[in-house]
Number of protein chains: 2
Amino acid sequence: MRNQQKHAAMLAITMLLVLSGCCRKDHNELLVIKEQGSFTVGGTVIQNSGSYDATQFDNFKPYPEGQTYHGDHAYVFYQIPDHARPLPLVFLHGAGQSSKTWETTADGREGFQNIFLRKGFSTYLVDQPRRGKAGRSTGTSTLEPIADEQMWYEIFRIGIWPNYHQGVQFPKDKESLENFFRQMTPNTGAFDQEVVSNSMSALFDKTGPGILITHSQGGLPGWITGIKNQHVKAIVAYEPGSYPFPEGELPEPISGRTGVLSGVEVSTDDFMKLTQIPIVMYFGDYIPEEVTHELGAENWRTRLTLGRLFVEAVNRHGGDATLVELPKIGIYGNTHFLMSDLNNIEIADLLSAWMKEKRLD
Amino acid sequence: MRNQQKHAAMLAITMLLVLSGCCRKDHNELLVIKEQGSFTVGGTVIQNSGSYDATQFDNFKPYPEGQTYHGDHAYVFYQIPDHARPLPLVFLHGAGQSSKTWETTADGREGFQNIFLRKGFSTYLVDQPRRGKAGRSTGTSTLEPIADEQMWYEIFRIGIWPNYHQGVQFPKDKESLENFFRQMTPNTGAFDQEVVSNSMSALFDKTGPGILITHSQGGLPGWITGIKNQHVKAIVAYEPGSYPFPEGELPEPISGRTGVLSGVEVSTDDFMKLTQIPIVMYFGDYIPEEVTHELGAENWRTRLTLGRLFVEAVNRHGGDATLVELPKIGIYGNTHFLMSDLNNIEIADLLSAWMKEKRLD
């Protein structure tokens with residue numbers, strides 16, 4: 001074939017792939033939704049003393065006397081598909097994120113929200129208290145536009161800035177990275193594990209029995225929610241940030257380049273509640289055993305190390321906890337955001353298989 | 001009937017009503033969604049000088065040198081129903097609110113998101129820059145939990161605290177009012193009409209031709225979006241906060257109990273763009289003609305008065321603007337949140353009829 005012909009053939013193939021929407025989207029099938037909506041749940045009320053007096057109004061300047069302020073609730077968007085499986089999935093995001101974590105990926109593919117709706121699960125996507133659409137906080141906070149994205153790029157194990165990790169399951173076009181950065185949204189009050197787990201427990205009071213799926217910083221309030229509410233029938237944690245341990249069994253703190261990591265001590269009675277439900281944790285790639293100078297490797301080496309001890313503790317006390325280190329089962333290239341990585345359908349299928357095995361589906 | 005029997009009968013009727021879900025929900029029909037997802041759009045980037053150097057990392061303290069910060073984008077959640085009508089509806093919320101405005105109402109009924117999906121429209125729900133899930137702002141902001149809900153209760157014309165307006169289309173149970181308060185979420189940076197309308201225009205670049213629906217403070221950036229982007233094929237404004245006027249035609253400022261309201265002067269060329277598309281505005285109840293001492297009545301008396309002058313200006317220049325004052329067509333009891341009031345299906349049907357008349361559906 002002459003070069004010109006070759007070129008024309010290649011162009012035709014490329015156009016066909018583009019026109020057929022190859023590889024970009026996977027929503028050929030319709031989503032059939034029986035019910036969808038949103039609500040807030042949990043939270044507290046500040047009631048100021050005195051009597052409300054509208055004559056104090058002066059050009060929208062504060063006059064809090066006798067007024068109320070509702071805050072520290074979570075915001076939830078839910079969808080119930082037709083013929084839903086019995087246990088809904090409740091999704092809690094991590095640090096600096098919102099429910100966007102589980103929606104469309106940075107490169108426009110479907111996230112866990114759609115993937116699991118298609119698998120027949122009801123989904124409840126949470127903005128935790130003091131984040132996103134649940135922004136009313138009972139605490140004070142100063143927000144500043146501090147440039148920090150190259151740090152997060154490394155902490156989230158996309159690569160060593162400006163390079164990508166070899167074989168990384170993250171889209172390498174500029175637009176996807178920008179989209180990824182823009183899905184961050186700030187705390188509107190200090191992160192407070194107790195406030196978050198209280199609202200999550202209130203949510204499970206509303207949903208009834210369900211499966212809690214957490215990411216990163218959502219891990220610790222997730223475990224505590226499992227302790228607080230017996231409607232939590234299983235916990236799935238993607239790279240959780242920290243862990244509870246029973247009284248007297250707290251491991252030595254683990255030091256790394258990004259800080260010193262300690263578990264959280266809870267009563268043995270409370271810890272035992274986590275032995276009554278199946279638990280699975282997933283960790284991605286680029287987490288070495290040895291100490292390095294890399295921020296992402298270090299941040300997750302410490303958390304993976306403590307995670308192994310947590311799983312041991314749960315199982316030592318008669319529980320059913322599984323730790324899946326993806327590279328050890330032949331799945332490579334995952335960042336900290338496993339649920340939106342290029343292989344997120346494979347990651348979702350792993351979870352499906354686990355839920356099937358535990359008869360949760 | 002003996003008292004005991006009466007009681008048992010009443011209980012049975014109550015149980016039947018509860019079990020049948022009477023009057024609470026109206027989603028018997030399935031929602032069939034062809035595509036749904038979320039994205040961010042618009043915004044800017046702060047690029048700090050210098051080179052990024054990970055060795056500067058010290059326990060998550062800021063080290064912005066050489067780093068970037070993406071902010072001031074909008075966040076959008078969209079749903080495209082099967083066999084969608086050609087023009088999508090793009091929804092922009094008002095002050096202190098998020099896209100929650102258009103979702104489930106405070107008492108659990110369906111909002112405009114579901115109502116218009118059922119009518120066959122694609123829906124795009126926006127969190128404007130510096131709000132909700134679009135929280136990364138290029139400005140600095142201090143957030144404080146200032147009790148202000150009784151003020152908003154009055155500004156939003158629910159009643160005169162603690163009383164409800166007579167005949168108000170707002171649910172009178174305590175839980176609904178609490179839910180309503182909790183749907184507020186703060187600015188994470190100063191409100192900036194230019195920043196909001198830039199991101200909205202970027203959104204219309206993405207959606208193509210569509211209909212823009214605004215509420216309250218979203219009104220002004222909505223008009224400016226219509227000037228900036230020719231894909232805006234119609235504007236529907238629920239109780240807009242302010243209005244543009246052509247050079248030299250700015251009305252005298254209008255004084256009221258809640259402040260002095262001025263329009264915004266734009267070039268005549270720009271203003272003329274608003275005469276090329278159909279426009280409709282809706283105002284609810286409890287807005288008197290005369291000056292009073294009531295916060296809600298005053299806040300919207302001034303904005304309705306200026307709105308009448310805006311509609312006159314558009315039509316004087318050859319445009320097609322309609323102002324609907326609901327009590328004048330026999331619809332009573334509407335608060336500032338017409339889209340979530342008890343009669344929101346009637347309010348939605350009004351819009352459907354207008355879109356049909358203008359051949360927008």
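Below, chain A is the first sequence line, B the second, and so on; all start at residue 1.
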- Task: Would you mind telling me which of B/G37, B/P162, B/S141, B/G259 has the largest number of heavy-atom pairs within less than 4.5 Å of chain A?
- Result: B/S141

- Task: Can you tell which part of A/R257 gets under 4.5 Å to a heavy atom of chain B, answering side chain, backbone, both or neither?
- Result: both

- Task: Quick one: which of A/A54, A/G132, A/S38, A/G139 has the most heavy-atom pairs under 4.5 Å with chain B, could you say?
- Result: A/S38

- Query: Within 45° of the six-membered ring axis of A/Y75 and under 6.0 Å from that ring's centre, is NZ or CZ of B/K100 located there?
  - Reply: no

- Task: Among A/D127, A/I155, A/T55, A/L117, single out the residue with the greatest number of heavy-atom pairs under 4.5 Å to chain B.
- Result: A/D127

- Do you know which of A/H293, A/Q183, A/E294, A/M184 has the most heavy-atom pairs under 4.5 Å to chain B? A/M184

- Part of B/I146 lying under 4.5 Å from any heavy atom of chain A: both

- Message: With a 4.5 angstrom heavy-atom cut-off, is it the side chain or the backbone of B/Q113 that approaches chain A, or both, or neither?
- Response: side chain

- Task: Tell me, out of B/P186, B/P145, B/G135, B/G71, who's got the most heavy-atom pairs with chain A below 4.5 Å.
- Result: B/P145

- Go through the atoms of A/A106 and report whether side chain, backbone, both or neither lie under 4.5 Å from a heavy atom of chain B. neither

- Query: Just wondering, do A/Q67 and A/Q56 contact through their side chains at under 4.5 Å, heavy atoms?
  - Reply: no

- Message: Tell me whether the rings of B/F181 and B/W161 are parallel (<30°), tilted (30 to 60°) or perpendicular (>60°).
- Response: tilted

- Query: Using non-hydrogen atoms only, which part of A/Y153 is less than 4.5 Å away from chain B: side chain, backbone, both, or neither?
  - Reply: neither

- Name the region of A/S98, side chain, backbone, both or neither, that has any atom closer than 4.5 Å to a heavy atom of chain B. side chain

- What is the ring orientation for A/Y63 with A/F57, classed by angle as parallel under 30°, tilted 30 to 60°, or perpendicular over 60°? perpendicular

- Message: What part of B/E154 gets within 4.5 angstrom of chain A, counting heavy atoms only: side chain, backbone, both, or neither?
- Response: side chain

- Message: With a 4.5 Å cut-off on side-chain heavy atoms, are B/R182 and A/R136 touching?
- Response: no

- Task: Could you check whether the rings of B/F91 and B/F112 sit parallel, tilted or perpendicular, using 30° and 60° as the cut-offs?
- Result: perpendicular

- Query: Taking all atoms of both residues into account, what is the closest heavy-atom pair of A/W102 and A/H93, and its distance?
  - Reply: NE1-N, 3.8 Å

- Task: Measure across B/S99 and B/V126 and return the closest heavy-atom pair with its distance rounded to 0.1 Å.
- Result: CB-O, 3.5 Å

- Message: Is A/I160 close to chain B through its backbone or its side chain, or both, or neither, when contacts mean heavy atoms under 4.5 Å?
- Response: neither

- Under a 4.5 Å heavy-atom cutoff, which of A/I46, A/T68, A/L295, A/D58 has the most pairs with chain B? A/T68

- Message: Quick check on the interface: out of B/T140, B/T142, B/L143, who has the most heavy-atom pairs with chain A under 4.5 Å?
- Response: B/L143

- Note, A/D72 side chain near A/S137 side chain (heavy atom, < 4.5 Å): yes

- Message: Between A/D148 and chain B, with a heavy-atom cut-off of 4.5 Å, which part of the residue counts as in contact: side chain, backbone, both or neither?
- Response: both

- Message: So for A/Q79, is it side chain, backbone, both, or neither that comes closer than 4.5 Å to the heavy atoms of chain B?
- Response: side chain

- Message: Taking every non-hydrogen pair under 4.5 Å, which of A/G111, A/P64, A/G189 racks up the most with chain B?
- Response: A/P64

- Item | Interface residue of largest heavy-atom contact number with chain A, from B/E65, B/H70, B/R131, under 4.5 Å | B/H70

- Query: Atom CG of A/N179 and atom CG of A/D107: how far apart are they, to the nearest 0.5 Å?
  - Reply: 8.5 Å

- Task: Could you look at B/T105 and say if it's the side chain, the backbone, both or neither that has a heavy atom under 4.5 Å from chain A?
- Result: neither

- Task: Identify the residue among A/F337, A/W300, A/Y286 that makes a ring pair (Phe, Tyr, Trp, His ring centres under 6.0 Å) with A/F156.
- Result: A/F337

- Is it the side chain or the backbone of B/N187 that comes within 4.5 Å of chain A heavy atoms, both, or neither? neither

- Message: Could you check whether atom CD of B/E175 has more than 12 heavy atoms from other residues, nucleotides or ligands sitting under 6.0 Å from it?
- Response: no

- Note on the structure: Smallest heavy-atom separation, B/S216 atom then B/G94 atom, equals CB-CA, 4.1 Å

